[in-house]
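One structure is given here, and the rest of the page talks about it.
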There are 6 protein chains.
Amino acid sequence: MYEVEANIDDMNGEIYSYLYDKILNIGALDIYTQSIYMKKNRPAVKLSVLCKKDDLDKVCTEILKETTTFGVRYKQLNRKVLDRKIIKIKTKFGNISIKVAYYDGRVLKYTPEYEECKVISENFDIPIRKVYDEINYETSKYIKLISRK
Amino acid sequence: MYEVEANIDDMNGEIYSYLYDKILNIGALDIYTQSIYMKKNRPAVKLSVLCKKDDLDKVCTEILKETTTFGVRYKQLNRKVLDRKIIKIKTKFGNISIKVAYYDGRVLKYTPEYEECKVISENFDIPIRKVYDEINYETSKYIKLISRK
Amino acid sequence: MYEVEANIDDMNGEIYSYLYDKILNIGALDIYTQSIYMKKNRPAVKLSVLCKKDDLDKVCTEILKETTTFGVRYKQLNRKVLDRKIIKIKTKFGNISIKVAYYDGRVLKYTPEYEECKVISENFDIPIRKVYDEINYETSKYIKLISRK
Amino acid sequence: MYEVEANIDDMNGEIYSYLYDKILNIGALDIYTQSIYMKKNRPAVKLSVLCKKDDLDKVCTEILKETTTFGVRYKQLNRKVLDRKIIKIKTKFGNISIKVAYYDGRVLKYTPEYEECKVISENFDIPIRKVYDEINYETSKYIKLISRK
Amino acid sequence: MYEVEANIDDMNGEIYSYLYDKILNIGALDIYTQSIYMKKNRPAVKLSVLCKKDDLDKVCTEILKETTTFGVRYKQLNRKVLDRKIIKIKTKFGNISIKVAYYDGRVLKYTPEYEECKVISENFDIPIRKVYDEINYETSKYIKLISRK
Amino acid sequence: MYEVEANIDDMNGEIYSYLYDKILNIGALDIYTQSIYMKKNRPAVKLSVLCKKDDLDKVCTEILKETTTFGVRYKQLNRKVLDRKIIKIKTKFGNISIKVAYYDGRVLKYTPEYEECKVISENFDIPIRKVYDEINYETSKYIKLISRK
């Protein structure tokens with residue numbers, strides 16, 4: 001995995017949301033920003049993009065084209081990720097996708113898909129917080145069940 | 001104008017984008033977040049919402065319902081805003097809306113509408129940065145013209 | 001309620017944890033910090049303390065004595081808080097305190113007490129994340145029960 | 001005292017250092033920035049300026065003229081400041097100005113003037129950190145002396 | 001040395017203090033967090049842990065078990081550290097441990113142990129800032145003495 | 001290229017502006033800071049310096065000497081930079097230096113030199129924002145001209 005970084009101090013903040021979509025569309029694994037301060041009291045933004053080796057060139061070029069920066073820097077990173085599986089859990093809102101992570105074959109953690117929760121929240125007009133609570137409750141029941149076996 | 005604030009340290013970060021839309025939809029003027037650190041090394045988020053007096057109750061209730069916070073605080077603020085007008089500028093991408101601000105009757109600054117620039121960028125497949133440059137160029141010409149009169 | 005603020009740019013960072021305890025001990029409702037940048041590229045910390053009117057003097061004095069700042073500023077804030085009650089929920093770790101908030105007489109949200117979860121996590125040697133999950137599960141069952149009535 | 005604020009998301013970061021000087025020159029008491037995040041993933045900067053009532057109009061106008069913002073907001077703040085005096089301390093680098101703060105007539109804290117320390121650091125080619133240490137040492141001796149009386 | 005990182009956007013902020021202790025207890029050299037912003041306006045926290053090669057596996061596993069993240073990334077870093085020694089300085093509060101750093105055999109900087117200063121501050125009921133001042137004064141005297149030889 | 005980092009939690013914020021100058025003077029390519037939070041609620045600053053291999057030793061030593069840190073860490077980075085050229089553009093304020101970046105032989109972006117804009121802003125008493133607008137306008141005209149050939 002590679003991490004590509006650029007310090008940006010003279011770009012309209014409106015452009016970031018558009019930039020995030022563009023960079024993710026060409027295959028980046030993740031993208032995030034941090035606030036930094038450069039010389040001469042300049043508030044700036046450090047853009048970080050995680051990507052696979054095959055996408056490194058594309059990602060660098062896209063950042064150079066779409067932002068005001070004159071150069072990017074990058075480094076290689078190692079990774080350790082949990083095995084994960086998407087399962088479907090039956091809830092009173094219908095079947096929901098849950099991302100489940102395993103460690104040594106046992107369920108370590110799980111999280112419902114945000115986009116599905118958001119749709120439910122809008123359709124049922126319930127705070128999304130409550131949607132998560134209900135789904136986590138149903139998932140807990142299921143996880144208890146399978147870990148008992 | 002009122003500013004409503006809440007410190008939130010135990011809410012899923014995925015919820016904010018949904019929250020921003022909800023709060024703006026009920027009439028808030030602006031919404032933003034800042035990173036804060038609370039006691040016991042807790043990274044947290046301070047949510048700030050600007051709204052008119054008439055929307056204060058609605059905004060407070062929405063934050064209490066949609067977030068994990070147990071209380072909000074608010075204060076009154078005064079405001080000084082520039083006169084502003086939306087004008088249309090003819091560019092090679094078509095007519096674009098420009099927000100123009102005046103001070104003592106003279107143009108002080110202007111900015112193209114982000115959403116229109118984004119659509120152009122997608123339709124013409126040009127970096128949004130270049131779309132801004134072109135539109136700013138055409139707006140400059142127009143502003144020079146009217147200020148000469 | 002009052003909010004007292006001070007910009008601090010020349011204090012050893014080690015002092016904050018000690019300061020948080022001191023300020024909370026004299027009756028402050030909450031305390032938090034934000035990163036700011038002052039003139040001449042100075043990274044600094046804005047300290048904010050929320051307190052009741054009766055504690056305002058004490059809080060101001062304590063900040064002036066314990067930090068390097070030469071002055072504090074404060075303003076009055078209004079507040080809107082949810083009704084709340086501490087209930088006990090029976091879980092496999094024993095009885096746990098849950099802070100429950102109500103809106104119009106109905107349960108709106110709840111959260112287990114952090115300090116109790118931490119003790120359980122240490123005694124049972126289970127990740128605190130799992131302790132929360134289990135307690136939230138039991139609390140969900142209870143809330144479902146009482147809201148059915 | 002007043003605090004004037006503006007959220008700025010589309011201004012070149014290079015402008016801030018120039019802006020700080022301009023705003024301080026027209027009489028502001030202090031100026032600082034914080035990183036914020038606005039809707040649609042926009043990294044932005046919240047500019048805060050502290051000023052006296054008489055300078056409020058001038059400060060608002062200057063921010064509207066010099067930045068890209070279309071409006072500012074402001075509120076009144078109360079203040080509690082320590083009595084302070086500039087004294088001269090004799091050190092091996094010459095006489096140095098020390099800002100001394102008093103509480104109930106006794107020395108509470110003191111700090112050497114940064115600009116003088118910087119000049120010494122350059123002239124003597126010593127790390128500024130060491131300049132502070134030496135000056136603090138001499139000031140400690142003096143403070144011990146006067147507090148013994 | 002290795003640096004292990006994880007972006008965390010859906011974890012209760014209360015857990016960090018507990019996490020810091022856990023990670024330091026298994027041998028990490030240092031741990032810190034930074035505020036970041038991820039796609040879809042998600043405020044998040046980047047956790048960074050510095051550790052030796054031998055502890056890399058343990059640290060990665062602990063982060064995966066104790067936090068909500070589904071993966072960590074890490075990279076190797078080089079280091080340059082000053083020679084350091086703990087000395088005891090006699091002060092009016094008793095003997096205090098001072099961490100002293102050397103460069104080319106000469107004292108470059110020193111700092112009193114925070115935990116000892118905190119205990120003194122509590123026992124003598126003196127602001128910790130004053131405890132540091134007194135100890136720094138005594139240490140200065142000692143350093144002047146040995147550098148004169 | 002190398003990136004040198006140090007976490008600093010006990011240094012007077014006034015020192016950073018002086019430090020930036022010192023580090024840039026010995027040949028560093030760039031320098032910036034980020035706010036971090038260390039164990040025990042300590043707000044701190046992460047200092048990052050980018051430099052060439054030949055300057056690595058000098059930069060590490062300077063940070064160790066000028067700051068309170070007891071150690072620095074560093075890693076190698078790769079870089080991808082755009083070809084760039086300084087051109088002169090004739091404006092109503094005189095000839096101004098513009099940094100122009102090329103991609104595949106074509107102009108990709110450009111930016112006027114901040115220091116020259118600042119001088120103009122002071123000499124002509126015009127907001128620097130307006131100086132940038134005028135210069136960008138003239139540069140746009142020029143870029144349109146050469147790209148038409």
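Computed from a prediction, not measured in an experiment: that's the story for all the values here. Naming convention: chains lettered A, B, ... in sequence-line order (proteins, then strands); numbering from 1 in each chain.
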Residues, nucleotides or ligands: over 12 heavy atoms within 6.0 Å of [X] [atom1]:
{"X": "D/Lys53", "atom1": "NZ", "result": "no"}
{"X": "D/Lys52", "atom1": "NZ", "result": "no"}
{"X": "F/Lys90", "atom1": "NZ", "result": "no"}

Kindly write out the residues that satisfy side chain to side chain contact (heavy atoms under 4.5 Å, CB included) with D/Ser48, not counting sequence neighbours, or none if the list is empty.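 D/Ser48 satisfies side chain to side chain contact (heavy atoms under 4.5 Å, CB included) with D/Glu3, D/Glu5, D/Tyr32, D/Gln34, D/Lys46 once adjacent residues are dropped.
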Do F/Arg129 side-chain atoms and D/Lys65 backbone N/O form a donor-acceptor pair below 3.5 Å?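 At least one qualifying donor-acceptor pair exists.
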Using side chain to side chain donor-acceptor pair (under 3.5 Å) as the criterion, list what pairs up with F/Asn136, not counting sequence neighbours.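 Testing F/Asn136 for side chain to side chain donor-acceptor pair (under 3.5 Å), a comparison that skips the adjacent residues, returns none.
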Which atoms of F/Lys22 come close to chain D, meaning under 4.5 Å heavy atom to heavy atom: side chain ones, backbone ones, both, or neither?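 Contact with chain D involves the side chain of F/Lys22 alone.
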Under 3.5 Å, sequence neighbours excluded: what are the donor-acceptor pairs made by side chains of residues 120-127 of chain D?
residue: D/Ser121; atom: OG; partner: D/Ile126; partner atom: O; Å: 2.9
residue: D/Ser121; atom: OG; partner: F/Tyr18; partner atom: OH; Å: 2.9

Taking all atoms of both residues into account, what is the closest heavy-atom pair of D/Glu14 and F/Tyr114, and its distance?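 Distance-wise, the nearest heavy atoms are O-CE1, 3.1 Å.
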Contacts of residues 99-113 of chain D with chain F (heavy atom under 4.5 Å):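 No residue falls under the 4.5 Å cut-off.
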Would you mind telling me which of F/Asn12, F/Leu19, F/Thr67 has the largest number of heavy-atom pairs within less than 4.5 Å of chain D?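 When all of F/Asn12, F/Leu19, F/Thr67 are compared, F/Thr67 has the most.
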